[in-house]
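Take a look at the structure set out below.
To find a chain, count down the sequence lines: A is the first, B the second, and so on, and within it residues start at 1.
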Number of protein chains: 2
Amino acid sequence: MEPDILELESFLPYRLYRLADAISREFSKIYKERHGLTRPEWRTLSGLGQRGTMTATELGEQSAMHKTKVSRAVAELERRRWLTRTPDENDRRVEHLALTKTGLAAYREMVPLAKAFERELLARTSAEERGAVARGVAALEEALEEKR
Amino acid sequence: MEPDILELESFLPYRLYRLADAISREFSKIYKERHGLTRPEWRTLSGLGQRGTMTATELGEQSAMHKTKVSRAVAELERRRWLTRTPDENDRRVEHLALTKTGLAAYREMVPLAKAFERELLARTSAEERGAVARGVAALEEALEEKR
DNA sequence: TTTCGATGGTTACAAATGAAACCAGTTTGG
DNA sequence: CCAAACTGGTTTCATTTGTAACCATCGAAA
């Protein structure tokens with residue numbers, strides 16, 4: 001344990017990123033294979049399915065995406081006719097986005113798959129470990145928030 | 001808690017990715033500002049600093065990078081004269097990579113910064129929470145491994 | 001009201017990434 | 001011995017991403 005050496009494998013930012021990336025990549029296979037969605041597109045679909053109607057800005061906040069990602073994802077889903085835009089009555093810069101029937105159908109099909117993925121992953125851990133995951137993630141979220 | 005709705009904010013793959021991405025991004029500012037390194041370059045530097053000498057394949061395994069990323073990162077660090085390649089005696093496809101004095105100096109400068117980052121982040125959590133992080137991450141790593 | 005800074009969203013351009021093709025060299029099985 | 005399969009590593013090409021500039025609209029303040 002030399003003091004001037006960094007052990008990459010146990011360095012938290014790396015370890016966490018590697019884990020998250022692996023999980024996310026594994027999960028992404030599902031919506032990629034199924035519908036050819038990118039991650040931003042999946043998040044957009046998911047956000048709108050969950051909340052019903054949102055603006056692009058709200059979508060970006062909810063799903064931690066840069067506005068260009070949102071913009072492009074929305075454009076693609078619109079092209080597929082999975083969502084529609086409705087101009088805001090009062091503020092003409094804003095558009096309210098909502099899923100079409102087709103979009104909603106895709107969403108409804110994806111939800112169980114997503115839940116199953118999470119369930120199957122967590123099924124391989126003990127109740128105690130699941131508690132640790134929850135507390136650990138929450139603690140880091142807060143810590144990062146404070147640190148900035 | 002409707003059964004046919006997925007709550008993105010608490011969906012583990014999303015939440016974990018978002019956390020890891022935020023932390024990694026925050027940390028990357030350090031090596032980006034300091035030396036203009038990309039993440040693959042930082043990992044390469046870090047891997048070689050830690051282990052002394054590695055082949056490109058080993059680097060990829062250690063730091064979970066696709067071989068094209070390794071290839072490009074190595075090329076860039078070589079261009080900066082931060083590392084050198086030495087052909088393997090027995091297998092002429094293989095090159096052994098090692099940091100130069102300059103590369104090592106950069107590594108030595110980065111290590112304390114990396115450790116400080118991690119320490120400062122964890123300092124904002126309780127000992128109990130740090131334990132939870134450790135157990136949680138380990139559990140998920142295993143669970144994912146089993147799942148595949 | 002006009003002007004000026006902020007805001008919602010898109011676009012253009014450069015850089016990073018991933019997949020697949022590729023080149024060299026190496027191993028294996030007939 | 002030799003072809004075929006495999007491995008280490010690079011390159012090419014298409015796609016994705018990030019940054020910054022941009023356009024339109026809005027709100028506040030002069």
> Below 6.0 angstrom between ring centroids: does that apply to B:Phe11 and A:Phe27?
Replying inline: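 Under 6.0 Å, so yes.
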
[N] [atom2] sits how many Å from [X] [atom1], rounded?
{"X": "A:Glu95", "N": "C:dG9", "atom1": "CD", "atom2": "P", "value": "7 Å"}
{"X": "A:Met54", "N": "C:dG8", "atom1": "CE", "atom2": "P", "value": "15 Å"}
{"X": "A:Asp91", "N": "C:dA6", "atom1": "CG", "atom2": "P", "value": "17 Å"}
{"X": "A:Met65", "N": "C:dG9", "atom1": "CE", "atom2": "C1'", "value": "14 Å"}
{"X": "A:His96", "N": "C:dG8", "atom1": "NE2", "atom2": "C1'", "value": "11 Å"}
{"X": "A:Leu37", "N": "D:dT16", "atom1": "CG", "atom2": "P", "value": "11 Å"}
{"X": "A:His66", "N": "C:dA12", "atom1": "NE2", "atom2": "C1'", "value": "13 Å"}
{"X": "B:Glu61", "N": "D:dG9", "atom1": "CD", "atom2": "C1'", "value": "14 Å"}

> Between A:Tyr107 and A:Trp42, is a ring pair (Phe, Tyr, Trp, His ring centres under 6.0 Å) present by the stated rule, with each step listed?
Replying inline: CA-CA 9 Å; A:Tyr107 176 72; A:Trp42 149 252; 7.4 Å; no

Is the shortest side-chain N/O distance from [X] to OP1 or OP2 of [N] below 4.0 Å?
{"X": "B:Arg85", "N": "D:dT10", "answer": "yes"}
{"X": "A:Lys69", "N": "D:dT16", "answer": "no"}
{"X": "B:Arg92", "N": "C:dG25", "answer": "yes"}
{"X": "B:Thr57", "N": "D:dG9", "answer": "yes"}

> Cut-off 3.5 Å, side chains only: do B:Tyr31 and B:Arg39 have a donor facing an acceptor?
Replying inline: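 Short answer, no.
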
> So, is the end of the B:Arg80 side chain (NZ or CZ) under 6.0 Å from the ring centre of B:Trp82 and within 45° of the ring's axis?
Replying inline: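 Ring-cation test returns yes.
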
> Got a sec: does the CD of B:Glu128 have more than 12 other heavy atoms crowding it under 6.0 Å?
Replying inline: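 Enclosed.
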
The side chain of [X] is closest to which nucleotide in this list: [options]?
{"X": "A:Arg93", "options": "D:dC26, C:dG25, C:dT10", "result": "D:dC26"}
{"X": "B:Ala56", "options": "D:dT25, D:dG9, C:dG9", "result": "D:dG9"}
{"X": "B:Arg72", "options": "D:dC26, C:dG8, C:dG18", "result": "C:dG18"}

Any base atoms under 4.0 Å from [X], or only sugar-phosphate, or nothing? Heavy atoms, all strands.
{"X": "B:Asp88", "value": "nothing"}
{"X": "A:Arg25", "value": "sugar-phosphate"}
{"X": "A:Thr68", "value": "base"}

>> Return whichever of B:Arg39 or A:Ser71 has its heavy-atom-nearest nucleotide of DNA chain C closer to the 5' end.
In response: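 Nearest nucleotide further toward 5': that of A:Ser71.
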
> With nearest nucleotides of DNA chain C determined for A:Lys67 and A:Asp21 from heavy-atom distances, which residue corresponds to the more 5′ nucleotide?
Replying inline: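 This one resolves to A:Lys67.
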
